[in-house]
*Asks:* 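The structure is given below, and queries will be raised subsequently.
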Protein chains: 4
Amino acid sequence: MAVQKSAQPAKSVPDSTRRSEKSRRAIYDAALALVVEVGYPKTTIEGIAARAGVGKQTIYRWWSSKADVLMEAFLDLGERPLGEVKPEPYAFPDTGDVAADVKDVLRATVDQLRDPRFEAPSRALAAEGVVNEQLGRELVAKLMQPSLDLYIGRLRAAQEAGQVRPDVDPRIALEFFVSPLAQRWLQHTGPISYEYTDTLVDYALQGLAPR
Amino acid sequence: MAVQKSAQPAKSVPDSTRRSEKSRRAIYDAALALVVEVGYPKTTIEGIAARAGVGKQTIYRWWSSKADVLMEAFLDLGERPLGEVKPEPYAFPDTGDVAADVKDVLRATVDQLRDPRFEAPSRALAAEGVVNEQLGRELVAKLMQPSLDLYIGRLRAAQEAGQVRPDVDPRIALEFFVSPLAQRWLQHTGPISYEYTDTLVDYALQGLAPR
Amino acid sequence: MAVQKSAQPAKSVPDSTRRSEKSRRAIYDAALALVVEVGYPKTTIEGIAARAGVGKQTIYRWWSSKADVLMEAFLDLGERPLGEVKPEPYAFPDTGDVAADVKDVLRATVDQLRDPRFEAPSRALAAEGVVNEQLGRELVAKLMQPSLDLYIGRLRAAQEAGQVRPDVDPRIALEFFVSPLAQRWLQHTGPISYEYTDTLVDYALQGLAPR
Amino acid sequence: MAVQKSAQPAKSVPDSTRRSEKSRRAIYDAALALVVEVGYPKTTIEGIAARAGVGKQTIYRWWSSKADVLMEAFLDLGERPLGEVKPEPYAFPDTGDVAADVKDVLRATVDQLRDPRFEAPSRALAAEGVVNEQLGRELVAKLMQPSLDLYIGRLRAAQEAGQVRPDVDPRIALEFFVSPLAQRWLQHTGPISYEYTDTLVDYALQGLAPR
DNA sequence: ATATAAGCGAGACGGTACGTCAAGTCTTATC
DNA sequence: GATAAGACTTGACGTACCGTCTCGCTTATAT
């Protein structure tokens with residue numbers, strides 16, 4: 001069967017090799033700054049373009065929506081070599097004590113959730129993701145899954161060390177650590193503190209029922 | 001002391017006794033229908049007014065924003081005598097078996113989360129709440145807290161019955177049941193099923209660590 | 001046969017009884033001023049709206065194009081009670097001497113063609129009319145025909161007085177007076193002066209061939 | 001005297017000896033075709049470039065504006081060896097009968113004005129010329145004057161032959177033949193036909209006043 | 001014969017204006 | 001006095017072109 005010769009005379013994808021790196025950075029910076037300064041709903045494509053000193057078309061050429069720009073800007077922020085903001089540790093500590101290790105990581109997450117540079121854009125993206133499933137899945141895959149995989153790895157190690165029951169599914173177990181914190185943060189259902197996350201770890205590991 | 005003569009020549013609060021009940025219902029119906037049909041972002045005040053056969057001003061007179069309209073509409077939906085959609089059971093079952101009771105309620109919640117009449121407006125409201133703290137807190141207070149309180153009540157009963165450790169804080173414990181489900185639903189981090197919620201209950205009650 | 005009940009749910013024509021007279025005048029003034037100041041091509045709908053202190057939509061609601069706005073503005077200019085600019089005398093002089101009368105009117109036309117308030121908008125409209133037949137015909141009907149009819153009337157009177165051959169078609173004859181001047185003005189094919197228009201009248205009445 | 005070493009580091013005029021003839025033709029063809037197909041206002045530099053398979057810069061290098069391109073394309077059309085469209089006869093007939101000769105030429109002009117290949121571009125250029133005096137004068141000089149000079153020549157001959165009064169200025173006399181037709185065509189003030197142009201010649205030569 | 005510099009195609013860029021949509025305010029007429 | 005209707009100003013949307021600017025590629029002398 002012959003390969004489809006692709007007769008689209010259509011919009012012709014832009015040539016990314018000729019893309020202006022300078023403009024891209026300026027757009028990332030403008031988007032993040034505006035979200036922090038005026039909030040996501042009042043952040044407009046026009047505003048980003050103006051602040052970045054860029055034509056609107058340069059944004060529309062490379063991104064499909066405000067949320068798309070912000071997501072890339074936010075991802076880029078995490079990859080910045082400066083180490084300014086690291087969304088998550090790139091390796092999960094393993095001291096042999098699961099409880100301590102998970103508490104450690106959760107405390108770091110609490111810190112991050114309180115960092116204002118992080119909060120505004122990530123709330124905006126999370127909100128978009130709630131309503132827009134496609135973007136939501138992209139966010140999960142690109143921003144959250146890498147961190148969640150580290151939890152899974154650590155829990156597997158704990159299972160091998162006999163600290164976690166072998167019949168427990170680590171992909172569900174991790175939610176006991178992560179989801180309550182996530183919900184408190186997302187829905188303002190409660191305060192966030194080291195004490196709280198520590199408690200979560202203790203409760204989850206020991207269970208709620210008396211032994 | 002003289003009665004304040006109310007010298008505000010300003011916006012003068014509208015007289016709610018003269019409010020048109022018919023218009024209010026029409027606005028609720030239009031808002032909910034539009035959110036389901038075209039999605040929250042494409043639901044506009046103008047659209048609601050047009051569909052409800054109502055002047056825009058009638059909306060602006062009584063509500064402060066699109067989210068505000070939708071929240072009231074959604075609350076109203078839950079209070080409808082028809083019982084079409086019940087956000088949550090008004091009483092938590094208590095058969096003596098906490099695990100079974102919680103699993104029951106969670107299965108009902110799973111059903112609700114999948115009801116399309118429920119999903120569109122509640123996602124929209126949840127998304128707004130992520131980004132708008134004030135509205136978020138209102139949502140929690142009006143929509144979620146009543147249900148959460150029922151969990152607390154049931155867990156306290158379980159503590160008294162010796163099925164749950166007495167030193168456990170029920171306000172945190174309930175998050176093990178509710179938050180993972182909430183996060184999967186909000187962030188599309190995973191599938192939702194009876195099996196899943198049942199597993200949550202088992203894991204949470206027994207704990208992750210081996211006995 | 002029943003009258004069509006007009007089932008157009010369409011754009012719904014705006015209600016002209018509620019139209020803002022103030023905005024209309026401001027738009028006319030802005031349009032005319034801009035055409036004079038920056039020229040027709042650089043006159044934009046946005047510019048007119050901004051200058052008139054009016055929303056763009058108010059322009060788009062009532063007019064279909066820049067040319068349409070300008071045409072109405074220009075027509076309005078002629079109807080202004082101030083008599084600032086009269087496109088043409090409302091009555092053609094009739095002293096009994098056709099030559100003198102026509103020369104008179106043509107001299108007035110020369111004056112008008114040189115009035116800068118008149119020149120910019122009428123050139124712009126004329127140019128549009130060359131390329132856009134529909135608009136061109138509208139211009140002729142609304143702006144030129146009334147004046148041309150006066151020529152016809154005067155020429156008919158001259159025929160009755162025996163000063164013009166009775167077999168001559170006045171609708172063609174008037175072009176000898178008007179068209180050469182029009183072409184010189186439109187196409188910059190030659191200078192415009194009283195002497196020139198006087199000559200036109202003499203040549204046309206006497207003919208080019210010797211007697 | 002030393003030759004100016006041309007120390008302008010500036011725009012450096014392009015070297016016309018290296019110009020691509022193929023591109024020029026393609027641009028002419030594209031410009032004319034687009035004006036006919038979509039009309040002058042919707043004909044864009046980008047569109048011409050795309051259709052001609054040419055970079056935009058190649059157009060900007062050699063022409064200063066859309067009107068400039070079109071004018072050259074149109075002039076070129078007239079000079080094409082194919083004789084497809086001849087703007088005007090290169091010699092004015094002289095049979096000894098001025099009336100007949102002028103009628104002949106005018107009939108040819110009428111034919112031309114109706115040729116669609118001619119109409120779209122020449123209307124576009126004429127419209128530009130109305131508003132842009134510089135371009136208008138260029139048009140007159142390059143496109144019209146050669147033809148008008150032929151009229152002048154023929155009228156001079158007629159004066160010598162005693163068919164036209166010697167005191168008549170041929171540069172004005174020719175306008176009686178040409179301007180009414182031009183105005184009808186430019187402004188859509190009336191229909192164009194052989195009968196009409198014949199009548200013009202008769203009226204103009206005999207005069208309007210009875211002998 | 002080969003360097004080298006111009007014209008060239010392509011198209012990304014910073015901009016301006018387009019014509020549309022909706023927000024929130026204001027006015028009018030109706031009930 | 002609340003309402004339905006809808007005109008108003010404002011401002012953002014996403015698109016189309018403008019005129020400028022690189023980028024490789026070809027091509028045609030000038031070494």
Side-chain angles (χ1 to χ4, degrees), chain A residues 11-20 22-23 26 41-47 49-50 52-62 64-66, chain B residues 11-12 14-20 22-23 26 41-50 52-62 64-66, chain C residues 11-12 14-20 22-23 42-47 49-50 52-62 64-66, chain D residues 11-12 14-20 22-23 26 42-50 52-62 64-66:
Chain A
K11 277 283 107 119
S12 76
V13 179
D15 177 349
S16 55
T17 66
R18 311 189 60 188
R19 186 167 180 181
S20 162
K22 212 177 79 183
S23 293
K42 289 197 175 171
T43 295
T44 64
I45 300 262
E46 288 205 335
V54 138
K56 277 201 281 180
Q57 205 52 51
T58 300
I59 297 183
Y60 285 111
R61 185 157 26 233
W62 302 110
S64 63
S65 67
K66 183 170 72 160
Chain B
K11 280 283 103 135
S12 76
D15 177 348
S16 56
T17 66
R18 306 189 119 228
R19 183 168 182 184
S20 161
K22 210 178 76 182
S23 292
K42 288 196 175 172
T43 297
T44 64
I45 300 266
E46 289 203 335
I48 295 171
V54 137
K56 278 200 284 178
Q57 206 50 247
T58 301
I59 297 182
Y60 285 111
R61 193 165 10 243
W62 301 109
S64 65
S65 66
K66 182 170 71 162
Chain C
K11 276 284 103 115
S12 77
D15 177 350
S16 56
T17 65
R18 311 190 63 188
R19 184 166 182 183
S20 162
K22 213 178 76 183
S23 293
K42 289 196 175 172
T43 296
T44 65
I45 300 261
E46 290 205 334
V54 137
K56 275 201 285 178
Q57 206 55 51
T58 300
I59 297 183
Y60 285 111
R61 183 155 30 235
W62 301 110
S64 63
S65 66
K66 182 169 73 162
Chain D
K11 277 283 103 124
S12 77
D15 177 350
S16 56
T17 64
R18 307 188 120 218
R19 185 169 182 182
S20 161
K22 209 178 79 183
S23 293
K42 288 196 175 174
T43 296
T44 65
I45 300 267
E46 290 205 336
I48 296 170
V54 137
K56 279 202 282 179
Q57 205 52 250
T58 301
I59 297 182
Y60 285 111
R61 192 168 9 243
W62 302 110
S64 64
S65 68
K66 181 169 75 161

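Because the structure is a prediction, the values reported are computed rather than measured. What's counted below: heavy atoms across the whole structure, side chains too, no hydrogens, waters or symmetry copies.
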*Asks:* I need the NZ-C1' distance between Lys42(D) and dA16(F), as an integer number of Å.
*Replies:* 12 Å
*Asks:* Tell me every residue that passes side-chain hydrogen bond (donor to acceptor under 3.5 Å, both in side chains) with Thr58(B), counting only those two or more places apart in sequence or in another chain.
*Replies:* none
*Asks:* Run the salt bridge (Lys or Arg N to Asp or Glu O under 4.0 Å) test against Lys56(B) and tell me which residues pass, sequence neighbours left out.
*Replies:* Glu46(B)
*Asks:* I'd like to check the side-chain hydrogen bond (donor to acceptor under 3.5 Å, both in side chains) partners of Thr44(D); sequence neighbours left out, ordered by chain and number.
*Replies:* none
*Asks:* Can you name the one residue among Ser23(C), Ser16(C), Ser20(C) that meets side-chain contact (heavy atoms from CB on, under 4.5 Å) with Trp62(C)?
*Replies:* Ser16(C)
*Asks:* How does each nucleotide of nucleotides 8-14 of chain E score, in 5' to 3' order, for protein heavy atoms under 4.0 Å: base (B), sugar-phosphate only (S), or none (-)?
*Replies:* BBBBBBB
*Asks:* Taking CD1 from Ile59(B) and P from dA2(F), how many angstroms apart are they, rounded to a whole number?
*Replies:* 17 Å
*Asks:* Tell me, please, which residues at least two apart from Arg18(A) pass side-chain contact (heavy atoms from CB on, under 4.5 Å).
*Replies:* Asp15(A)
*Asks:* Go nucleotide by nucleotide along DNA chain E from the 5' end; which of Gly47(B) and Thr43(C) gets its closest nucleotide reached first?
*Replies:* Thr43(C)
*Asks:* Whole Å only: how far is the NZ atom of Lys66(D) from the P atom of dC17(F)?
*Replies:* 10 Å
*Asks:* Please list, chain by chain and in numerical order, all residues satisfying side-chain contact (heavy atoms from CB on, under 4.5 Å) with Ala52(A), sequence neighbours excluded.
*Replies:* Ala26(A), Ile27(A), Ala30(A), Val54(A)
*Asks:* Can you tell me the distance, in whole Å, between the CD1 atom of Ile45(D) and the C1' atom of dC17(F)?
*Replies:* 10 Å
*Asks:* Can you measure Lys22(D) atom NZ to dT27(F) atom C1' for me and round it to whole angstrom units?
*Replies:* 12 Å
